[in-house]
Amino acid sequence: MIAAEALSKSFGDVQVLSGIDLAIHPQEVVCMIGPSGSGKTTLLRCLALLETPSLGCVRMEGQIISQPDQTRAVKKAAQSMGRDIGMVFQHFNLWPHMTVLQNIIEAPVRVRKTPRAKAVAEAESLLEKVGLSDKRDVYPARLSGGQQQRVAIARALAMRPKVLLFDEATSALDPELKREVLLVMRALAGEGMTMVVVTHEMGFARNVGTRIVFMDEGAIVEEGAPRAFFETPQTDRAKRFLRQFED
């Protein structure tokens with residue numbers, strides 16, 4: 001579906017990612033975990049085309065959509081296929097001057113050229129899906145953090161993405177609001193949505209993820225099936241990381 005190949009990223013003299021190889025397959029739920037500053041968000045932003053690699057490339061269904069030399073062909077592929085990549089941010093990023101409905105239909109109408117009536121109908125269906133049908137005409141400031149994040153998920157889904165990226169989507173929420181967002185994410189996973197989830201929620205990673213990718217210091221240190229990773233991690237670094245979550 002989407003892949004990073006030999007991907008490195010530097011900001012000035014600081015190397016944040018080093019030689020990342022990661023392939024995400026259809027209907028996988030890949031949970032990226034690791035200490036803060038390990039490069040998880042930067043990798044996600046590279047996959048979302050929000051950052052350009054310093055070395056290597058990002059491919060979508062086999063086509064290069066991002067690389068250091070953004071040729072005309074790469075730019076064209078990015079423009080065409082980039083809309084198939086959805087992203088949900090840590091801090092919601094809703095437009096405050098638009099209602100919930102307006103937030104959701106803006107991109108489909110402007111980018112995908114979806115007729116407004118169809119976009120509204122799809123938005124209403126998505127609001128029902130995330131349990132917010134009654135918030136259609138409310139402005140974001142009147143919503144709780146958990147409600148705003150569920151609107152952000154509906155907004156991302158409105159573009160009918162093939163892969164959905166989550167950047168610590170629950171880390172800014174208190175436990176009760178966190179739960180309602182995780183339930184929506186769990187439902188999406190159950191429906192077969194391809195997802196890459198940067199998270200500190202070990203329960204979600206263990207119970208919903210199909211693969212764990214553990215990162216540290218800008219590299220993938222270990223990856224594997226959730227049960228194997230959590231019960232028998234292979235690297236000392238992963239063992240040290242998991243100890244902090246023991247009772």
Side-chain angles (χ1 to χ4, degrees), residues 1-3 22-33 40 44 47-49 60-61 81-90 92-94 100-101 103-109 111-112 114 118-136 143 145-171 173 176-213 223-227 229-230:
M1 182 69 75
I2 191 169
L22 179 65
I24 311 298
H25 303 287
Q27 300 190 334
E28 275 199 299
V29 179
V30 176
C31 291
M32 292 201 293
I33 65 174
K40 306 183 298 296
L44 206 69
L47 293 176
L49 308 184
M60 182 83 175
E61 297 181 331
M81 307 185 81
R83 64 187 64 177
D84 293 328
I85 305 167
M87 187 157 177
V88 179
F89 299 88
Q90 179 178 352
F92 326 136
N93 288 12
L94 299 177
V100 164
L101 180 71
N103 264 278
I104 295 172
I105 69 171
E106 178 74 4
V109 169
V111 179
R112 287 208 183 268
T114 304
K118 183 179 180 182
V120 168
E122 291 176 353
E124 290 174 339
S125 176
L126 288 169
L127 283 172
E128 184 176 355
K129 186 188 192 77
V130 300
L132 292 172
S133 294
D134 60 331
K135 304 299 182 183
R136 176 187 188 275
L143 302 176
Q147 290 170 333
Q148 289 188 59
Q149 193 61 290
R150 283 185 281 159
V151 172
I153 292 171
R155 182 178 65 178
L157 290 172
M159 286 291 284
R160 301 188 295 278
K162 293 181 178 178
V163 58
L164 198 50
L165 312 178
F166 292 84
D167 184 19
E168 299 190 12
T170 61
S171 64
L173 305 175
E176 187 175 353
L177 301 180
K178 191 176 292 187
R179 181 176 177 275
E180 63 190 33
V181 174
L182 289 172
L183 285 173
V184 171
M185 293 170 65
R186 183 187 290 262
L188 289 174
E191 293 170 6
M193 171 62 72
T194 305
M195 297 161 63
V196 185
V197 184
V198 170
T199 185
H200 290 292
E201 298 295 327
M202 295 301 114
F204 179 89
R206 180 169 188 151
N207 297 320
V208 182
T210 59
R211 180 159 44 121
I212 304 296
V213 172
E223 62 179 302
R227 182 173 179 178
F229 176 82
F230 283 103

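Residues Val100 and Leu143 have side chains in contact (heavy-atom distance under 4.5 Å, counting atoms from C-beta outward).
Taking the side chain to side chain donor-acceptor pair (under 3.5 Å) definition, one finds that Ser171 meets it with Gln90, sequence neighbours left out. Applying the side-chain contact (heavy atoms from CB on, under 4.5 Å) criterion to Ala121, with sequence neighbours excluded, gives no partner residue. Applying the side chain to side chain donor-acceptor pair (under 3.5 Å) rule to Lys178 yields the partners Glu201; only residues at least two apart in sequence or on another chain are considered.
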Checklist entry - Does the pair Leu173 and Phe92 meet the rule for a side-chain contact (heavy atoms from CB on, under 4.5 Å), with working shown? => result CA-CA 11 Å; Leu173 305 175; Phe92 326 136; 3.8 Å; yes

Item to check | Test log, rule side-chain contact (heavy atoms from CB on, under 4.5 Å), inputs Ile85 and Ile2 | outcome: CA-CA 9 Å; Ile85 305 167; Ile2 191 169; 3.7 Å; yes

Next on the checklist: As a quick check of understanding, evaluate side-chain contact (heavy atoms from CB on, under 4.5 Å) for Lys135 and Val151, giving each step before the final call.
Outcome noted: CA-CA 9 Å; Lys135 304 299 182 183; Val151 172; 5.8 Å; no

Checklist entry - Given Ile33 and Thr199, is the side-chain contact (heavy atoms from CB on, under 4.5 Å) satisfied, shown in steps? => result CA-CA 6 Å; Ile33 65 174; Thr199 185; 4.2 Å; yes

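Asp84 CG to Met159 CE: the interatomic distance, rounded to the nearest 0.5 Å, is 8.0 Å. Taken from CD1 in Ile104 to CD1 in Ile153, the straight-line distance is 11.0 Å, to the nearest 0.5 Å. One finds the CE atom of Met87 at 9.0 Å from the CG atom of Asn93 (value rounded to the nearest 0.5 Å). Interatomic distance, Ile24 CD1 to Met60 CE, rounded to the nearest 0.5 Å: 11.0 Å. For the atom pair CE of Met81 and CG of Leu49, the computed distance is 10.5 Å after rounding to the nearest 0.5 Å. Here the CD1 atom belonging to Ile105 is positioned 12.0 Å from the CG atom belonging to Leu126, to the nearest 0.5 angstrom.
Within the 3.5 Å criterion, the main-chain N or O of Thr170 finds no donor-acceptor partner in the side chain of Gln149. Under a 3.5 Å cut-off, the side chain of Arg136 and the backbone N or O of Leu127 do not form any donor-acceptor pair.
What you find for Cys31 and Ala205 is that their closest heavy atoms are SG-CA, 3.7 Å. Nearest approach of Leu164 to Ala156, heavy atoms of both residues: CD1-CB, 3.6 Å. Between Ala119 and Thr114, the shortest heavy-atom distance links the atoms N-CG2, 3.8 Å. The two residues Pro226 and Gly209 come nearest to each other via the heavy atoms CG-O, 3.1 Å. Residues Leu44 and Met32 approach most closely at CD1-CE, 3.8 Å, considering heavy atoms.
For residues 203-212, every residue pair satisfying the side-chain hydrogen bond (donor to acceptor under 3.5 Å, both in side chains) rule, not counting sequence neighbours, is listed here: Glu28-Arg211, Arg206-Glu231, Arg211-Glu223. Sorted by first and then second residue, the pairs that involve residues 153-169 and meet side-chain hydrogen bond (donor to acceptor under 3.5 Å, both in side chains), not counting sequence neighbours, are Thr41-Asp167, Glu61-Lys162, Glu122-Arg160, Glu168-His200.
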For residues 179-194, which side-chain donor-acceptor pairs fall under 3.5 Å, sequence neighbours excluded?
{"unit_1": "Glu180", "atom_1": "OE2", "unit_2": "Gln147", "atom_2": "N", "d": "3.4"}
{"unit_1": "Glu180", "atom_1": "OE2", "unit_2": "Arg150", "atom_2": "NH2", "d": "3.0"}
{"unit_1": "Glu191", "atom_1": "OE1", "unit_2": "Lys129", "atom_2": "NZ", "d": "2.8"}
{"unit_1": "Glu191", "atom_1": "OE2", "unit_2": "Lys129", "atom_2": "NZ", "d": "3.0"}
{"unit_1": "Thr194", "atom_1": "OG1", "unit_2": "Gln27", "atom_2": "N", "d": "2.7"}

